[in-house]
Student: 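What follows is a structure written as structure tokens; I'll ask about it next.
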Amino acid sequence: MTSELDIFVGNTTLIDEDVYRLWLDGYSVSDAVVLRVCSGILEQTGATAAVLQSDTMDHYRTFHMLERLLHAPPKMLHQLIFQIPPSRQALLIESYYAFDEAFVREVLGKKLFKGTKKDLDDISTKTGITLKSCRRHLDNFKRVFKVVEEMRGSLVDNIQQHFLLSDRLARDYAAIVFFANNRFETGKKKLHYLSFGDFAFCAELMIQNWTLRAIDSQVDDMDMDLDKEFLQDLKELKVLVADKDLLDLHKSLVCTALRGKLGVFSEMEANFKNLSRGLVNVAAKLTHNKDVRDLFVDLVEKFVEPCRSDHWPLNEY
Amino acid sequence: MPGKLKVKIVAGRHLPVMDRASDLTDAFVEVKFGNTTFKTDVYLKSLNPQWNSEWFKFEVDDEDLQDEPLQITVLDHDTYSANDAIGKVYIDIDPLLYSEAATVISGWFPIYDTIHGIRGEINVVVKVDLFNDLNRFRQSSCGVKFFCTTSIPKCYRAVIIHGFVEELVVNEDPEYQWIDRIRTPRASNEARQRLISLMSGELQRKIGLKVLEMRGNAVVGYLQCFDLEGESGLVVRAIGTACTLDKLSSPAALLPACNSPSREMKESPLVHPPSHGCRSTHNSPIHTATGSRLTQNFSVSVPTLIYTGMGSGSAGKEGGPFKALLRQQTQSALEQREFPFFTLTAFPPGFLVHVGGVVSARSVKLLDRIHNPDEPETRDAWWAEIRQEIKSHAKALGCHAVVGYSESTSICEEVCILSASGTAAVLNPRFLQDGTVEGCLEPRLEENLPAGCGFCHIPYDELNMPFPAHLTYCNNCRKQKVPDVLFTTIDLPVDATVIGKGCLIQARLCRLKKKAQAEANATAISNLLPFMEYEVHTQLMNKLKLKAMNALFGLRIQITVGENMLMGLASATGVYLAALPTPGGIQIAGKTPNDGSYEQHISHMQKKINDTIAKNKELYEINPPEISEEIIGSPIPEPRQRSRLLRSQSESSDEVTELDLSHGKKDAFVLEIDDTDAMEDVHSLLTDVPPPSGFYSCNTEIMPGINNWTSEIQMFTSVRVIRLSSLNLTNQALNKNFNDLCENLLKSLYFKLRSMIPCCLCHVNFTVSLPEDELIQVTVTAVAITFDKNQALQTTKTHAEKLLQRASTDNEELLQFPLELCSDSLPSHPFPPAKAVTVEKASPMGEGNFRNRSAPPCANSTVGVVKMTPLSFIPGAKITKYLGIINMFFIRETTSLREEGGVSGFLHAFIAEVFAMVRAHVAALGGNAVVSYIMKQCVFMENPNKNQAQCLINVSGDAVVFVRESELEVVSAQQPAANCQPSCPGGEVTT
């Protein structure tokens, strides 16, 4: 006696969050069944392994059918095939697009479309995330990138509108897209200590202050590209290092601004010239694409490391 | 002349990409009704076209309006080659044809293709202008309302219940026409879908005509079925109960429907409600019809078996001379009718007087080609024969009517089993005729019959019983006789006194049969049927005793025929009726009483059985009040007291054991273990596992003993197919496989729905089919409803609390209150000040707005929820309007089975699509739920070698508008002009 066909269809689509989690994590049906057995569900419910197997299969099939809709979340809202309460829909979408920071850290700033795919295996072994899940992560990034790439207006808003993500997740995606677009180098060993959160914070500030829209919201360009003029202007900062008077003026202004707010104020004051020179040099080079990519590496080399060597307790970028 | 159909195509969305080059589609729409076709413009390069067409107008006869579906085809325009079809939408416009139902059909419909499934959606608006037609010879029956619900629909009252209507139409199946060899599967599927749609329209119209002839205005309990007879054609048949319904004008008018006519009725002093009794009759006379219609049918008659609670008698005799006046009068009302059958399973109060027992008839037929589709005489004759038989069985039980009546077929190759079953009953005549007719009704009837036991009393003469039964005085009123066990096909009457809770009881059985051709095959099946019926009955009886219950409701026995086996599946809901005697236990008797170890084994089994009974009593809370022996009286002193137990009617007679079952006050049901077979049976009795705690299940509308339902419902369909290993197939192995299949399926359901605990699976409907030699397919549709264990007691208390709460809250806080809080208290407000009313009004909206604001950007455009349930009601809500019948037939086929996820993936997607299409149609009618939903057919065929599969699904139900009880109070508060007709807030329909 073998089961040829075994399905369950509810008028309201039945979704088991635990199984959804397992599916998202890329486990096969049999692995998922084993994991569920381990969770003690059989004892709680008095079910048999066969029941669990059939239930897991069924959920996986449902998720597989839902996946097509999850690729375009607004479709999920209008589709008629699965009756799912809105709160559940939001949860499905949010979890589908949620990502593992360890994975993002690996691909952050890399070109999303080439090369990375064959590296997925390595990433998978390195991070312990299943290959399937890695692929979903990467496909999500690519999908979001592709949709908002050419779009105008606020990056976060665009992502939120087209993928119906929560504010936080949309911001994270904005950071990922921003990094991917500008191809900032984040993989160097020196940068390894920085978490995705740190970069996301930088990205947000940069989107707010360094992009075209930051300067003039009327300008019909996007959040994704750095403002060329702004970068050009940065070049002029060289005077801050070259001209002694300006250097002093700058120093006194910065010191006034930071006095009392910085625990390491005296060290900062002492090292101001070096630090400032490092920063200005990095800034001045940003007109070249290659240097833009190396922004974070340079910053760490020229600014963070000197600070660290002076035993600053905090990184105050 | 009398109708103008107007159609407007608004827009499409989520269309598939039809042009690979541009990743876009140039879509246009063809709108076809009858022979007229209109086209929209081509909307270039878009997956979300906005056609915004003009109104396409069709001027048609109302006959066509009833028969024809509106056919909308979405196509991709191609300059150089033929246009590609994207998909179709069939819209049944019948709901627009009666005044009280929907006025417009407007909404998003899934675009369906039989090969690709749903491919996007299309927004359509449909309206009908009907002109009055007074032509009395008209062929149409516009205006007759149809309901699938097998009780009087909630917002109507029955003025008269006229009786049985039936009709069938036949045609050639397009799948088997010569042209099918040269056309594509898509064209063939579409031809079939269209034909069936046409045929059901025609059938409905013809039934409507019959209803008009009877001067009724509605059909309740409408059941339409398809018989795919293969080569010999396609039969669409329907049965229903014609009624004259009156819309309840105000919610306050909840008086029993019967008041007015009954006033004029005379008292009849003689009315002694006929004595009572209960028993079930399963009759299976079997006939086979052969060859062409011109040759004489040869028929194989099998002695009729009548089963009783106690054992089996040999034959049924005509009901005795005793006839109460009441019965005579009922009879006069019923005798005018050819078949006094009612497809209803629940009745207005006072309608059902007595219940006799289950009557059923089956007949085996050989299918032959239908030569002249316009004169489906053969099929008509077949059914007439069976109905006649049912009628005579009912008579034998002293009943003139059959309620809870249904018909079904099972077809395998050219053999077809026709089955009909129902519950013999005595009805109150006042509903059956016009008020002017002198009827007989005794107003004191109700007093004579204490509520809750009247229907149990035997309708037949106790001195002249048609079968040996065991009668006692009713435990409730002590005046009338009741049988020891009662089997019925109807729902539990609302006024019945039940102790404890009920449970689903199933009997499952397989029998191998040799493969044979034509007559030999039919004869073989005929010979097997009585044994199967007998065993199914025995199983039911044993399981019922094991559950310590004494009555079955909603009994449905399905016999399915396959190439090499027959399957029987009986489902029913067991309950403990307070009026009936306490069931005795089960006793096991061994054949060789001298063998010591054997004896021990037997006593061990006996102990196990006793333990199970005790456990079940506890589980289902069956604690009947102790009754002193004097009152109960010993079983009626009568010679018939001794009953016989036969294993099977036609086993050699020397095996027949006579047992005196009257030991003391209780009679035990004796199981004789004389061979391994019987052993097996006992074992299988004990292996049935009860549902996990917190779960109950039944196959009736409501679960006896549970009444505090909450509003969470989940309807579902589950399908399983197993392949039997063809080796060593024995009856036992088959039985075990089948039993496991059903048990595992139930276990799976309990597991899946565990988050709804405490909950009850209601209206559990199992269907078995044998699509191929070694395949068994089981389809289950049911609804899970949660209930609140503690709520019932608290309601009164909380009401007062709510009042207090309300007094202390100001308007702003009210906005965030759950709706019930403010509405509940309203009626008790002395004079609802204008201000308070506006607050009530604002609260639902306020809440809505609030929700929208906090939701993600696009959430406000989500699709409205449409509930589906096989029940006739929605817990916690009131149905305010019936919008019309939903009756849909779909075919889905694939030639890339593996790519679509195998058979499971294919069928899963298809059923989800069917649900989606049903919901879309209901939403377009302005409804928010489907009640009495049923999946009548799910025929699945696969050919994995060719990577192909095909499935046909037929579903039906009633589209309704419901309002949550809490919201309803708000509405009525806003319209203090008491006659707030559910139909009058037109806004409901459009919103």
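Note on naming: letters A, B, ... go to the chains in the order of the sequence lines (proteins, then strands), and numbering restarts at 1 for each one. All values below come from the heavy atoms of this structure, side chains included, with hydrogens, waters and symmetry mates left out.
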Student: Among Asn765(B), Thr717(B), Thr767(B), whose side chain to side chain donor-acceptor pair (under 3.5 Å) with Thr781(B) holds?
Tutor: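 Only match with Thr781(B) under side chain to side chain donor-acceptor pair (under 3.5 Å): Thr717(B).
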
Student: Tell me, for Asp58(A) versus chain B, whether the close heavy atoms (under 4.5 Å) come from the side chain, the backbone, both or neither.
Tutor: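 It is both, since atoms from each part get that close.
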
Student: Looking at chain A, which one of Ile911(B), Ile118(B), Val866(B) has the largest number of heavy-atom pairs inside 4.5 Å, strictly under?
Tutor: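 Highest number of heavy-atom pairs under 4.5 Å: Val866(B).
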
Student: Closer than 4.0 angstrom, basic N to acidic O: yes or no for Glu94(A) and Arg168(A)?
Tutor: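 Not counted as a salt bridge, because no side-chain N and carboxylate O are separated by less than 4.0 Å.
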
Student: Chain A: which of Ala920(B), Ser693(B), Gly120(B), Ala916(B) shares the most heavy-atom pairs with it under 4.5 Å?
Tutor: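 Of Ala920(B), Ser693(B), Gly120(B), Ala916(B), Ala916(B) has the most heavy-atom pairs under 4.5 Å with chain A.
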
Student: So among Phe99(A), Phe178(A), Phe163(A), Phe179(A), which one has a ring-ring contact (aromatic ring centres under 6.0 Å, His included) with Phe141(A)?
Tutor: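 Passing option: Phe99(A).
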
Student: Restricting to side chain to side chain donor-acceptor pair (under 3.5 Å), what partner residues turn up for Asn943(B), sequence neighbours left out?
Tutor: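 Once residues adjacent in sequence are excluded, Asn943(B) has no partner under the side chain to side chain donor-acceptor pair (under 3.5 Å) criterion.
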
Student: Please indicate whether His71(A) has more than 12 foreign heavy atoms, meaning atoms of other residues, nucleotides or ligands, lying under 6.0 Å from its NE2.
Tutor: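 Above 12, so yes.
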
Student: What part of Leu775(B) lies closer than 4.5 angstrom to a heavy atom of chain A: side chain, backbone, both or neither?
Tutor: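 Side chain only.
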
Student: In terms of heavy-atom proximity below 4.5 Å to chain A, should Gln777(B) be classed as side chain, backbone, both, or neither?
Tutor: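 Neither part, no heavy atoms under 4.5 Å.
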
Student: Tell me, for Val914(B) versus chain A, whether the close heavy atoms (under 4.5 Å) come from the side chain, the backbone, both or neither.
Tutor: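 Nothing of Val914(B), per the 4.5 Å heavy-atom cut-off to chain A.
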
Student: Could you tell me whether Arg88(A) and Glu17(A) make a salt bridge, using a distance below 4.0 angstrom between a side-chain N and a carboxylate O?
Tutor: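 A salt bridge links Arg88(A) with Glu17(A).
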
Student: Could you look at Phe940(B) and say if it's the side chain, the backbone, both or neither that has a heavy atom under 4.5 Å from chain A?
Tutor: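 Side chain only.
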
